[in-house]
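First up is the structure itself, then whatever we jot down about it.
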Amino acid sequence: MRLLAFTPIDVDDTELRRRQERYDQLAPETVSVELRNIGAVAPSALDTEEEIRASEKVLAEAFRTVDPTGFDGFLPDCVLDPCAEEADSFARPLYGLSRLTASFFLSQGLHVGALARNGAIAAELDSRLASYDIIADPTKVLGLDVADIADSQAWGRAVTERAASMTCDVAINACSAVELADPPARPLVVDPTAIALQLLGLQSRWVTQA
């Protein structure tokens, strides 16, 4: 399975390379991800609802107009699963990191929550999960800056502090591009990118064998 991903924000070459390397490390052997920068038409951070809407609009246009040749699916590089409502208008299936991750744990009877960088992302993720009819705890806010996405130590400290008050079984670390450092086990804090890629790997093997 070959997937095409776009970043939800405009990133520089160093950050794009870091995110691509993460996909390369996390993807099972049956899945590959080509990550592209969405470009300067998108905001440089998702700090407000307006920036989230602007990012989603640009991503939808990118997925709608890109040449899909050689790809089996599209993957927004964002836990907010942007463009999910427009998935039927794209030339390839659109996969959502949070939908895949939350559904996987809910199917096992586990109670799900999440931790997000700021209030705007937390509110959007809660809305997105509700649109899937997924019952989850309100997302906790970490109070971090966009620059902290690449700072695994700062992110890890905030996750450990906020997760201590959570009562869910599984907490989704609500950023697709964060390398979790020593994530808590209670609740179990999970990387949605890693989980989603493993699940897509299972799908890929099953489809290949069918």
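In this structure a side-chain-to-backbone donor-acceptor pair under 3.5 Å is present from Arg117 to Leu144. A donor-acceptor pair under 3.5 Å is absent between the side-chain atoms of Asp148 and the main chain of Asp151, judged by distance alone. Not a single donor-acceptor pair under 3.5 Å links the side chain of Arg2 to the backbone N or O of Val33. Using a distance-only test at 3.5 Å, with no hydrogens or angles considered, no donor-acceptor pair links the side chain of Ser176 to the main chain of Thr193. Ser103 contributes a side-chain N or O that, together with a main-chain N or O of Arg99, makes up a donor-acceptor pair within less than 3.5 Å. Put simply, the side chain of Asp12 gets close to the backbone of Glu15: a donor and an acceptor are under 3.5 Å apart.
When every heavy atom of Pro8 is checked against every heavy atom of Ala42, the shortest pair comes out as O-CB, 4.0 Å. Annotation for Val79 and Pro192: closest pair CG1-CG, 3.6 Å, computed over non-hydrogen atoms. Closest of all the heavy-atom pairs between Cys83 and Ala60 is SG-N, 3.4 Å. Here the closest heavy-atom approach between residue Ala102 and residue Val112 is recorded as O-CG2, 4.3 Å. Shown here for Ala196 and Leu97, the closest heavy-atom pair between the two residues is CB-CD2, 3.6 Å.
Counting heavy atoms from C-beta outward, Arg162 and Arg157 have side chains that stay 4.5 Å or more apart. The shortest distance between side-chain heavy atoms of Asp81 and Arg128 falls below 4.5 Å. Counting only heavy atoms from C-beta outward, the side chains of Leu188 and Val190 approach each other to under 4.5 Å. Side-chain contact between Thr48 and Ile52 is absent, with no heavy-atom pair separated by less than 4.5 Å. With contacts defined as side-chain heavy-atom distances shorter than 4.5 Å, the pair Leu75/Tyr23 qualifies. Under the 4.5 Å side-chain criterion, counting only non-hydrogen atoms from C-beta, Leu115 is not in contact with Thr139. Within the 4.5 Å cutoff, the side chain of Phe105 has no heavy atoms near those of the Ile172 side chain. Using a 4.5 Å cut-off on side-chain heavy atoms (C-beta onward), Val66 and Leu4 make contact.
Side chains of Asn37 and Thr7: a donor-acceptor N/O pair is present below 3.5 angstrom, by distance only. Neither side chain, Asp191 nor Asn173, offers a donor N or O lying under 3.5 Å from an acceptor on the other. In this structure, a donor-acceptor pair under 3.5 Å is absent between the side chains of Asp10 and Ser44.
The cluster map of Ile, Leu, Val, Met, Phe, Trp and Tyr, joined by side-chain heavy atoms under 4.5 Å apart, puts Ile38 and Leu94 in the same cluster.
Shown here is Leu202, whose CG atom has more than 12 heavy atoms of other residues, nucleotides or ligands within 6.0 Å. Environment of CD in Glu29: sparse, with no more than 12 heavy atoms of neighbouring residues, nucleotides or ligands closer than 6.0 Å. Atom CG of Asp13 sits in a sparse spot, with 12 or fewer heavy atoms from other residues, nucleotides or ligands closer than 6.0 Å. For Asp182, the CG atom counts as loosely surrounded, since its 6.0 Å shell holds 12 or fewer non-hydrogen atoms of other residues, nucleotides or ligands.
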Which is it for Arg36 and Glu34 under the salt bridge (Lys or Arg N to Asp or Glu O under 4.0 Å) test, yes or no, and what are the steps along the way?
-> CA-CA 7 Å; Arg36 299 179 184 176; Glu34 178 180 321; 2.8 Å; yes
Audit row: Glu61, Lys57, salt bridge (Lys or Arg N to Asp or Glu O under 4.0 Å) steps and yes/no | CA-CA 6 Å; Glu61 182 67 12; Lys57 182 178 179 181; over 6 Å; no
Show your reasoning for whether ring-ring contact (aromatic ring centres under 6.0 Å, His included) applies to Phe6 and Phe63.
-> CA-CA 8 Å; Phe6 283 103; Phe63 283 124; 5.3 Å; yes
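Partner of Glu179 under the salt bridge (Lys or Arg N to Asp or Glu O under 4.0 Å) criterion, out of Arg18, Arg19, Arg22: Arg22 alone.
We find the CG-OG distance between Leu129 and Ser98 to be 6.0 Å, quoted to the nearest 0.5 Å. The NE2 atom of His111 lies 6.0 Å from the OG1 atom of Thr167; values are rounded to the nearest 0.5 Å. Atom OG in Ser204 sits 8.5 Å away from atom CG in Leu3 (nearest 0.5 Å). Interatomic distance, Glu85 CD to Ser131 OG, rounded to the nearest 0.5 Å: 6.0 Å. To the nearest 0.5 Å, atom CG of residue Leu46 and atom CD of residue Glu124 are 9.5 Å apart. The distance from the CD atom of Gln203 to the CG atom of Asp72 is 9.5 Å, given to the nearest 0.5 Å.
The side-chain tip of Arg92 does not point at the ring of Phe71 from less than 6.0 angstrom away and within 45° of straight on.
The pair Glu56-Arg53 meets the salt-bridge criterion, with a side-chain N (NZ, NE, NH1 or NH2) lying under 4.0 Å from an Asp/Glu carboxylate O.
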